[in-house]
Amino acid sequence: MLNNLLNFNNSSSSIISSNNVETLIPVNNALTLENGINEPILKNILSLNFLYNIEMSSKEQLQLLTAEQLQLLMQKHIKIFNKKQIQAFTAKQIPHFTKEQIQAFTLQQISEFTPEQIQAFTAKQIPHFTKEQIQAFTAKQIPHFTKEQIQAFTAKQIPHFTKEQIQAFTLQQISEFTPEQIQAFTPDQMSWFNQEQILNFTEKQIHFFTSEQRKIFEEKIDKYFNSTTVASTTEKQIREFTEKQIQSLSLEQILLLTPIQKAELSEEQISWFNQEQLATFKLESEQVENNKLVSMSFWEAF
């Protein structure tokens, strides 16, 4: 019946009726028949023809689909899209996919979404991704999630992120996790954050760490600081040290801070030192100052 009704023209701009040779042409990014036709009937004709020939649809044809027409795509249709077809959907079309359609995307298709497509998914769509689909996002795709999308992942979804994905989160994304999301990270996931990421958790976020998360955090902070890593700690990172990070510094680590790094510590941060830390900090600072005075006296003698 369908074969007799419609023969699909492979061009992106026309559908030919086998009976009347009527051409479907694009008008204002919508499709209409040259000799006029009832709009509901037109939509049905287009939809039937598209679904019947879905494996042959081109990029241009896919991009002409309206929100209503996209809704007609069934899971069996979505699963057969190849890479070129998947990447054909526009940022305006992506938000129209339903929960059932999103969960129909194969793991291979998930890994093929472009940065623009990834950022087109709405905060309401993000919770629809299954465990397997979440884990299908590549390390190259992860950094493209926006703040709204990052915060849309549910506490049940957070534990699904793999080590590779965890370490792909940008420093900006790290600072955007909500308290509920923070507490959803498993001990294994906490241990996967690299040193730079650990330093980028905000004081507010650290406040919501569970006791087990805090223990892992403090252990990683302690391991982070040595003669090599302290020297490479940036001024920005120094300024963002939290009270817990300050208090986790050993006396040896304080001695390793350079004069420039020490100068970046605020009065509030210095007030967080315990007595031993403060004594070591002041002693080292005094020695540096004395060395400056001795150096100046030496050159003034000439």
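Since the structure is predicted, the reported quantities are computational estimates derived from the model, not experimental observations.
Of the inter-residue distances, the one linking Ile182 atom CD1 with Gln213 atom CD reads 7.0 Å to the nearest 0.5 angstrom. Separation of atoms CZ (Phe217) and OG (Ser191) is listed at 14.5 Å; rounding is to 0.5 Å. With rounding to the nearest 0.5 Å, the separation of CG in Leu73 from CZ in Phe81 is 5.0 Å. Taken to the nearest 0.5 Å, the CD1 atom of Ile110 stands 8.0 Å off from the CD atom of Gln141. The distance from atom CD1 of Ile142 to atom CD of Gln167, rounded to the nearest 0.5 Å, is 12.5 Å. Here the CD1-CD1 distance, from Ile246 to Ile254, works out to 8.0 Å after rounding to the nearest 0.5 Å.
Although no hydrogens or angles enter the test, the distance criterion places a donor-acceptor pair under 3.5 Å between the side chain of Gln277 and the main chain of Leu249. With hydrogens and angles disregarded, a donor-acceptor distance shorter than 3.5 Å links the side chain of Gln87 to the backbone of Glu112. Judged by distance alone, with hydrogens and angles left aside, the side-chain atoms of Gln165 form a donor-acceptor pair with the main-chain N or O of Ile134 at under 3.5 Å. In this structure a side-chain-to-backbone donor-acceptor pair under 3.5 Å is present from Gln261 to Thr258. Side-chain N or O atoms of Glu218 include none that pairs as donor or acceptor with a backbone N or O of Lys215 at under 3.5 Å.
For the pair Gln69 and Leu65, the tightest heavy-atom approach, listed with the atom from each and the gap, is OE1-CA, 3.3 Å. Listed here is the closest heavy atom pair of Lys220 and Met190: CD-O, 3.7 Å. Here the shortest heavy-atom pairing between Gln173 and His144 reads NE2-N, 4.3 Å. The two residues Thr202 and Ser175 make their nearest non-hydrogen contact at CG2-CB, 4.0 Å. In terms of heavy atoms, Gln181 sits closest to Ala152 at NE2-N, 4.3 Å. Summarising the geometry of Asn200 relative to Gln205, their closest heavy-atom pair is O-OE1, 4.3 Å, with the distance given to 0.1 Å.
Around the CD atom of Gln247, the shell of radius 6.0 Å holds more than 12 heavy atoms that belong to other residues, nucleotides or ligands. Other residues, nucleotides and ligands contribute only 12 or fewer heavy atoms inside 6.0 Å of the CD atom of Glu276. The environment of NZ in Lys79 is crowded: more than 12 heavy-atom neighbours from other residues, nucleotides or ligands sit within 6.0 Å. Annotation for Glu164: atom CD does not count as buried by contact number, only 12 or fewer foreign heavy atoms lying within 6.0 Å.
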Show your reasoning for whether salt bridge (charged side-chain N to carboxylate O under 4.0 Å, His left out) applies to Glu264 and Arg239.
CA-CA 6 Å; Glu264 292 301 324; Arg239 291 194 297 270; 2.9 Å; yes
Just do the side chain to side chain contact (heavy atoms under 4.5 Å, CB included) check on Thr114 and Ile86 with the steps written out, would you?
CA-CA 9 Å; Thr114 67; Ile86 282 293; over 6 Å; no
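Residues Arg214 and Ile206 have side chains in contact (heavy-atom distance under 4.5 Å, counting atoms from C-beta outward). Side-chain contact between Leu199 and Leu171: absent, with no pair of heavy atoms (C-beta onward) separated by less than 4.5 Å. In this structure, Asn194 and Gln197 have side chains that are in contact, with non-hydrogen atoms separated by less than 4.5 Å.
Close placement of the Phe153 and Phe161 rings is indicated, their centers lying within 6.0 Å of each other.
Pairs of residues two or more places apart, or lying in two chains, that qualify as ring pair (Phe, Tyr, Trp, His ring centres under 6.0 Å) and include a residue from residues 172-191 are Phe169-Phe177, Phe177-Phe185, Phe185-Phe193.
Residues Ile238 and Leu251 do not share a hydrophobic cluster, clusters being chains of Ile/Leu/Val/Met/Phe/Trp/Tyr side chains in contact below 4.5 Å.
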